[in-house]
Amino acid sequence: MKRNSYSFGLLLVFVGILFLLLNLKVLNMDWVLFLLSIGLIIGYFSQKHIGYLISGLVLLGISLISILNQYVFPEINVKSFLFLWIFGVMSLALYFKQKNKGFLIIGVILPALGTYNLIEELAFYDVNWVLFLLFGIAFYIAYIIGYRSSGIEWPKHLAWIMVAISILLLISSRTVIRFGFWKLISYIIPIMLIGIGIKIIYNIVKLKE
């Protein structure tokens, strides 16, 4: 109890100093939040309180987005890229700590979205196909990290579906394909999804037996 009170007191002193420096215009709000996030993360390693870790990671993400956008990438709008990547990495960190698959999926999807936003910002032509390619890579990474060891394969199947859709979109953006082709594809994809779903259900039933 005394140790917790001591650490909390130090945190209050640290916060007070940061806001005093803010009032004196030594630091701006972005740097205050950044230093505060570091203090909270250090507090987590001292107290092992998950609230410190989550608060610190959130503030770290918010402050790093503004700092990097202002000082490192001033000519490009990278806020969405940084925001999604930072919070994706945070979700992965929480996954490795708590082994919650929800954090894993969020942790691979957010960086994929962030990378797509940056590519879309820099590209001069249609890059919709890249989004599905990145999603495919993301789900395959999720499969390798969290699902392969337990024999669960739906992320791998979903990854290949995303890659296939990406290739089709790339082809359609580069060549002239008649509408009849896409009508055929509109039937093939649902049939593939049904087939993969049936295979997954069959594998689960077989394992139970």
Set of residues satisfying ring-ring contact (aromatic ring centres under 6.0 Å, His included) with respect to Phe34, sequence neighbours excluded: Trp31
Could you list the donor-acceptor pairs under 3.5 angstrom formed by side chains in residues 160-171, with sequence neighbours left out?
| from | atom 1 | to | atom 2 | distance (Å) |
| --- | --- | --- | --- | --- |
| Ser166 | OG | Trp129 | O | 2.8 |

Rounded distance [0.5 Å steps], OH in Tyr116 versus CG in Leu134: 9.5 Å
Set of side chain to side chain contact (heavy atoms under 4.5 Å, CB included) partners for Ile17, sequence neighbours left out: Val13, Leu21
Side chain proximity check, Phe135 to Ile109, heavy atoms < 4.5 angstrom: yes
Salt bridge (charged side-chain N to carboxylate O under 4.0 Å, His left out) contacts touching residues 134-156 (sequence neighbours left out): Glu153-Lys156
Sequence-distant partners of Tyr143, ring-ring contact (aromatic ring centres under 6.0 Å, His included), two or more places apart: Tyr140
Over all atoms of both residues, closest heavy-atom pair of Val108 and Ala142: CG2-CB, 4.0 Å
Would you give me the side-chain donor-acceptor pairs under 3.5 Å for residues 84-103, sequence neighbours excluded?
| from | atom 1 | to | atom 2 | distance (Å) |
| --- | --- | --- | --- | --- |
| Trp85 | NE1 | Pro111 | O | 3.2 |
| Trp85 | NE1 | Thr115 | OG1 | 2.9 |
| Ser91 | OG | Phe87 | O | 3.0 |
| Lys97 | NZ | Tyr44 | OH | 2.6 |
| Asn100 | OD1 | Gly102 | N | 2.8 |
| Lys101 | NZ | Gly146 | O | 3.4 |

